[in-house]
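To start, the structure under review is shown below, and the notes come after it.
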Amino acid sequence: MSVVGFDLGFQSCYVAVARAGGIETVANEYSDRCTPSFVSFGARNRSIGAAAKSQVVTNCRNTVQGFKRFHGRAFSDPYVQSAKTNLVYDLAQMPSGSTGIKVMYMEEEKVFSIEQVTGMLLNKLKETAESALKKPVADCVISVPSYFTDAERRSVMDAAQIAGLNCLRLMNETTAVTLAYGIYKQDLPAPEEKPRIVVFVDVGHSGYQVSVCAFNKGKLKILATAFDSDLGGKDFDDILVSHFCEEFRKKYKLDVKSKPRALGRLYQECEKLKKLMSANCSDLPLNIECFMNDIDVSGKLNRGQFEEMCAGLLAKVEAPLRSILEQAKLKKEDIYAVEIVGGASRIPAIKERISKFFGKELSTTLNADEAVARGCALQCAILSPAFKVREFSITDVVPYPISLKWNSAAEEGLSDCEVFPKNHAAPFSKVLTFFRKEPFTLEAYYNNLKELPYPSSTIGQFLIQNVVPQASGESAKVKVKVRVSVHGVFSVSSASLVEVLKTAEGEEPMETEQPGKDEENKMQVDPEDQKLASGDNGDKKSETEEMETMTEDANKEKKNDQPPQAKKPKVKTKTIELPIVNNLSWQLSSDVLNVFVENEGKMVMQDKLEKERNDAKNNVEEYVYEMRDKLHGALEKFVTEADRDTFSLKLEDTENWLYEDGEDQQKQVYIDKLAELKKMGQPIHERYIESEERPRAFEELGRQIQLYMKIIEAYKAKDEQYNHLDELEVTRADKQVNDAMVWMNGKMNQQNSQDLTLDPVVKVEEIKAKTKELYSACNPVVSKSKPKVEPPKEEKTENGPVNGQEGTENQPCNPDKATSAGTGQGTAEKKLPEMDID
Ligand code: ATP
Ligand code: MG
């Protein structure tokens, strides 16, 4: 299984993986750790990431960017409609009413859902992780802004599924940062001590998020979050662009906004200028050549002027900071540190305001760009059984209060109840009890529309089916489990009917189990439940709360099937699981999702085919250039003048063909073309290679011959070292050595008089075979060990000569094994990789 974290940013994405005992942010195919959140559609393929961004001016209408905030939103949503006016590409309404993008792809007009587009981007990020880890990736953790609603989160989860990813957790961006900060800290207060309170601020391209977190040894607890979803680097770019549009209108009479390409270029230049102004407060130029109508434009700006223009935006920095302190009931003095991340946190005026608010120097101990991805990878490592990570518990919060409403009996009308107040711990499950005679629907909604950066309060409807009255005709008790999952998504996760089977003789069923008349059709919550529902999170935990908090652990889930009352011996009950029909707002149906998964697979295949076609074409082009150079260089000696002229002409024709008829051909055409060229070029190239390698091969054979000759001579001279060798065998070896020498000398002489433009008289392979043959014939004969007369000497040095033999110089070496470097690590103990997080 893979351990990967993805920061899915509005402008750029980062991928972090667990590798070699640590967390590493990995680079894409351009050796860049930042992958732009761009997808570009072409006539034959898609480009994603940096390749797509490079088309933002040339293929602007079909290059999609800035789509992160379209997740889970209706096409008619005011955010979508207002963003639409500033986009160069088209948006369209999906059949379900949600937001899609309209582009030309494969020479046809296509509408893709936002989940598909993000799925494409995620697929690219997945590939980056795969090539870094050199294995398939599925398990991962993906970041989302803490202010994302249920619909937005579910939509990102669907995108992950389209990309073939198994998202173990959708993690709030600031929570990921919090983890990346806390898990490495060795000096956190002990669990019973007062926690260390740290504020985290992320200023990205589209949004501004703040959270406050309490750290103790081994755990972090988010206390509150706040945000301004309309404050990010993008808004500063917008102000700069408007400023220069106005300036160029006056100065050059240009209507920049009427020309998407020009507008795109202006955005790029303004972003660069904005970044420069972060480092420099003097006047800085903005120049664009041939901007519109062949006019070169120029302007200038300094940081002071920029800050004045952005006063309105900068005034928005403080509110979320104040909000978290109020929510968490903290004073500025309680804050140990303020850690800032996100690209736009580099804007000096933003830093100043945050620092002034807290009366503190800001801390920048984390990598401002990569902290989110690293936190996600750490979370994935914690969740992965394949990694051993220090225990660290993470408690997040519910960002918006969630309520349930349902229809009571006719005279009662609509009832409702807040099940998860704002900042309630998450993930979390609760069990609610209803008394009903028939199936009923619960509607979950956000009860404070004012807080949402989103126009709709509905989360979804949940129909609890198969509810029937008790045998006595009374309302049945229905236990409904609601939860906010690790993804921060609300659901009615299960429902069960508690059936009273029989009571012990002479005993009345417990009163609490029997609803009075007026209780029918009402939701009844155990006192503890009620306390929870009303937001009492005091330290004194009731038994029910214990059970509920533990429900995230699958082992303990079963416990909850036994309602607390079941412990009383007098009543026997049976619980029956009830089916639930979900109707979640903006949720893709599984059919549609399956089609999207299938289509993504087809598009990936199409991209792959197109890449192979392009590679085949590039191979032809590269071969033409390479051969043209070499024919007048290294290969010159190995080809006759006439052949060289013919081949040169052929190469030139091919080059022309590549720009004309050969511009756009099937992959096979290029493969055939290359084969045709190689038919001419390969023999020349082979002659060159043979001539390069031949001397070394002869040298090796010669060395072997010399060596055996020396030993045989020593044997003949009755050298004591060799007198144990078998005479007949030595005579045979002697003949082999002589034959080999005659063969070698003969071949060398022939080859020396052979023209280099002709094929060699002997191939390197043949010489190597000869060497091997000689070794096999002679080595067993000469390397026979001498029978021992004396007890062997004890001395033995590690890796050194053994038994007094003087080195290995005189030992013939096996030509087969001469280069092998096996070290035999097969017995290494298999251990779980351990995260080195210190
Ligand atoms: P989001 O978090 O909203 O989804 P993101 O994660 O893609 O977006 P980041 O990569 O954190 O955003 O930040 C990108 C923004 O930071 C851009 O607006 C970029 O221009 C801005 N930025 C980066 N470096 C600087 C700098 N030195 N000075 C000013 N702004 C900068
Ligand atoms: Mg971000």
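Whatever order the structure lists ligands and atoms in, that order sets their numbers, starting from 1. Treat the numbers as computed from the prediction; the structure is a model and nothing was measured.
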Would Glu269 and Arg265 count as a salt bridge (charged side-chain N to carboxylate O under 4.0 Å, His left out) if you check the C-alpha gap in whole Å, the side-chain angles of each, and the deciding distance to 0.1 Å? CA-CA 6 Å; Glu269 293 307 316; Arg265 285 181 74 193; over 6 Å; no

For atom 18 (O) of ligand 1, what's the nearest protein heavy atom and its distance? His205 ND1, 2.5 Å

Tyr14 versus ligand 1: do any nitrogen or oxygen atoms come within less than 3.5 Å of each other? no

Is the ring pair Phe10/His205 parallel, tilted or perpendicular, if the boundaries are 30 and 60 degrees? tilted

Does Glu24 pair with Arg33 as a salt bridge, N-O distance under 4.0 Å? no

Atom indices of ligand 1, in the order listed, that fall short of 4.0 Å to a heavy atom of Gly342: 11 (O)

For Glu271, take its heavy atoms, then give the atoms of ligand 1 lying under 4.0 Å from any of them. 17 (C), 19 (C), 20 (O)

Gly207: numbered ligand 1 atoms lying under 4.0 Å from its heavy atoms: 3 (O)

One finds that the ligand 1 atoms under 4.0 Å from a non-hydrogen atom of Ile347 are 29 (C), 30 (N)

Show your working on salt bridge (charged side-chain N to carboxylate O under 4.0 Å, His left out) between Glu308 and Arg303 and close with a plain yes or no. CA-CA 9 Å; Glu308 245 169 62; Arg303 192 195 286 171; over 6 Å; no

Among all protein non-hydrogen atoms, which one is nearest to atom 6 (O) of ligand 1, and what is the separation to 0.1 Å? Gly9 CA, 3.7 Å

Using a 4.0 Å heavy-atom cut-off, say whether Lys68 meets ligand 1 through its side chain, its backbone, both or neither. side chain

Evaluate the criterion side chain to side chain donor-acceptor pair (under 3.5 Å) for residue pair Asn172 and Tyr147; output intermediate values, then yes/no. CA-CA 8 Å; Asn172 288 332; Tyr147 54 78; over 6 Å; no

Is the contact between Lys275 and ligand 1 made by the side chain, the backbone, both, or neither, using heavy atoms and a 4.0 Å cut-off? both

Can you list the atoms of ligand 1 that are under 4.0 Å from a heavy atom of Gly233? 18 (O)

Would you say Asp7 and ligand 1 have an N/O pair spaced under 3.5 Å apart? no

Cationic tip of Arg196 within the cone over Phe215's six-membered ring, i.e. under 6.0 Å and within 45° of the normal? no

Roughly how far, to the nearest 0.5 Å, is CG of Asn280 from CG of Asp283? 9.5 Å

Axial cation check for Phe358 ring with Lys356, 6.0 Å and 45° limits: no

Is the shortest N/O to N/O distance between Gly204 and ligand 1 below 3.5 Å? no

Considering heavy atoms of the protein only, find what lies nearest to atom 27 (N) of ligand 1 and give residue, atom and distance to 0.1 Å. Arg346 CD, 3.5 Å

Judged by non-hydrogen atoms, does Asp369 sit under 4.0 Å from ligand 1? no

Any idea which part of Ser12 is under 4.0 Å from ligand 1, heavy-atom wise: side chain, backbone, both or neither? both

Which of parallel (below 30°), tilted (30 to 60°) and perpendicular (above 60°) describes Phe41 and Tyr105? perpendicular

Taking the ring of Tyr79 and the ring of Tyr454, is the distance between their centroids below 6.0 Å? no

Main-chain N/O of Thr458 paired with Ser585 side-chain donor or acceptor, under 3.5 Å: yes

What residue and heavy atom of the protein are closest to atom 7 (O) of ligand 1, and at what distance? Gln11 N, 2.7 Å

Backbone N/O of Pro36 and side chain of Gln11: donor-acceptor pair under 3.5 Å: no

Which residue owns the protein heavy atom closest to atom 29 (C) of ligand 1, what's the atom, and how far is it? Ser278 OG, 3.1 Å

Can you list the ligand 1 atoms lying under 4.0 Å from a non-hydrogen atom of Lys274? 17 (C), 18 (O), 19 (C), 20 (O), 21 (C), 30 (N)

the protein heavy atom lying closest to atom 9 (P) of ligand 1 turns out to be Gly343 N, 3.6 Å

